[in-house]
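Scope of the values below: all heavy atoms of this structure, side chains included, with no hydrogens, waters or symmetry mates. Lettering follows sequence order; numbering is per chain, from 1.
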There are 2 protein chains.
Amino acid sequence: MNSKPMSESTEMYLKAIAELDDRNSVAVARLAERLSVTNVSANEMVRRLGEQGLVLHKPYKGVTLTKKGRGVASNVLRRQRLWERFLHDHLKIEWAQVYDYACSLEHATAPEVTEALAVFLGHPEICPRGNPIPAEDGSFEPLDGILLSEVEVGTAVRVLAVNATATDVLKYLQERNILPGRELEIVEAAPMQGPLTLRVEKKEVALGLSLAKFVIVEPI
Amino acid sequence: MNSKPMSESTEMYLKAIAELDDRNSVAVARLAERLSVTNVSANEMVRRLGEQGLVLHKPYKGVTLTKKGRGVASNVLRRQRLWERFLHDHLKIEWAQVYDYACSLEHATAPEVTEALAVFLGHPEICPRGNPIPAEDGSFEPLDGILLSEVEVGTAVRVLAVNATATDVLKYLQERNILPGRELEIVEAAPMQGPLTLRVEKKEVALGLSLAKFVIVEPI
DNA sequence: TGTGATAATAAGGTTAGCCATAACATTTTT
DNA sequence: AAAAATGTTATGGCTAACCTTATTATCACA
């Protein structure tokens, strides 16, 4: 086993790559953006991660997790999402804030605690945001849904997951009832990358395309 | 409110002082010992804490928490001990390991999470090691017991709390059933700072004086 | 094919928290 | 009161992650 403790920073980078990754690679600039660091810092860190064999960086082509890196990332996601469940279901913390609080806890959680937590929670399979919780061995089945931003006008869909992580974005979506499990219909899509108009819970709401990219849905 | 986030290191120092403190002051060397850093490092850190108004350091006389420092320390202890309760009562984690795991979690816990946890746990008053859990405002009533090392031979006592923090020490005590709530009798005290012989749960066990100093008891 | 946008690297700086070694100050013990 | 033990400060060094500014490399498109 090569389970030397990873630094918090390392874990955050690997997790961010896993969260952004569409099974392909992630631009270092996207990474920098999500982690709120400069491009230069992200590049430095990516180099370090590469030296540790956690990622593969092809300059100008993006970063990919190695097998080892993916393992660590799954593990982080598992801890993160188990804590999300606990905070939401048992501590009754507001949906939009759960991600953020869980994020702090995840780095402070030993394997034994993680597994005890999983048992306590009854081995949940998805987190409050709708994402699958990786198993202890890192495996999980990816959601098969499509981005809300790519749905045709007139379609009725059900929200599978919300992939945003910033609390303010989550709050915004929560206020508009765009939450896992809810059903909605695309009423209109404004031209020129304009906002969508959705019918949610009998009300019409407008949603910018960039936010719609955070929402994963399936047709119903 | 002066609640800028304290660094993990700062929290650990303040907590250590609070845990060692007999309402008086703590030698910097004791602090260094408990935190496993060199004396030089501890002195440096104490200087920094002094500059922030968290402690008072009288050279050669020890460190004392200021009002502000004590407030922060109480807060850390509250988080620590609430997590201990959770890990022990709900996650069923072994008594001796709870302190250590809780220690990592405490630094990653926002006030809102702390209070939600307190509610979830039903506002417990003592941690699994027997120590009082400070209230949200930092107040708590100190235990009034005496050190096991100072009890007269022949006395029967009840364990109130175990003040050790190192997992191996806790394991050692756990194996010998020296746990909060247990009753025991001092059978013999070897001369020259020698070990105590105790009767615990009908068995006799020997316990070195330095370990006995971790155990707080009350006569019965 | 050249040009503007984007990505990467180079160079030098900052901070917190640690380390070792050595000198100096004080307290405690003899 | 001197010696031994202990505590403190001074110096100089280290590391991980960040930063800024400037330069260079590559890509993508007109």
Verdict with reasoning, A:F214 to A:Y172, per ring-ring contact (aromatic ring centres under 6.0 Å, His included): CA-CA 12 Å; A:F214 287 127; A:Y172 185 92; over 10 Å; no

Which nucleotide in D:dC19, C:dT27, C:dG17 has an atom nearest any side-chain atom of B:Y60: C:dT27

A:Y13 side-chain N/O to D:dC18 phosphate OP1/OP2 under 4.0 Å: yes

For atom CD of B:E51 and atom P of C:dA16, their distance in whole Å: 10 Å

Any B:S41 side-chain N or O less than 4.0 Å from OP1/OP2 of C:dG17: no

5'-most by nearest nucleotide on DNA chain D - B:E44 or A:S36: B:E44

Sole residue of B:L54, B:V37, B:V55 in side chain to side chain contact (heavy atoms under 4.5 Å, CB included) with B:Y13: B:V37

Donor-acceptor pair, side chain of A:S104 and main chain of B:T109, under 3.5 angstrom: no

Phosphate-side-chain proximity, A:S9 and D:dC18, N/O vs OP1/OP2 below 4.0 Å: yes

Touch class at under 4.0 angstrom, heavy-atom based, for B:T38 against every strand present: sugar-phosphate

Under-4.0 Å side-chain N/O to phosphate OP1/OP2 contact, B:R48 with C:dG17: yes

Shortest side-chain distance from A:A29, nucleotide among C:dC19, D:dT8, C:dA7: C:dA7

Comparing A:P59 and A:E8 on DNA chain D - which has the more 5′ nearest nucleotide: A:E8

Candidate list B:E112, B:E115, B:E11, B:E136, test salt bridge (charged side-chain N to carboxylate O under 4.0 Å, His left out), partner B:R79, passing option: B:E11

Listed nucleotide nearest any side-chain atom of A:R30, set C:dA7, D:dA17, D:dT8: C:dA7

Sugar-phosphate only, base, or nothing, as touched by A:V40 at under 4.0 Å among non-hydrogen atoms: base

Pair B:E84-B:Y99, side-chain donor/acceptor within less than 3.5 Å: no

OP1 or OP2 of C:dA7 under 4.0 Å from side-chain N/O of A:H57: no

Closest to side chain of A:T10, choosing from D:dG12, D:dA17, D:dG7: D:dA17

Whole angstrom value for the distance that separates C1' of C:dC19 from CG of B:L35: 16 Å

Rounded distance in Å - CG (A:N39) to P (C:dA10): 16 Å

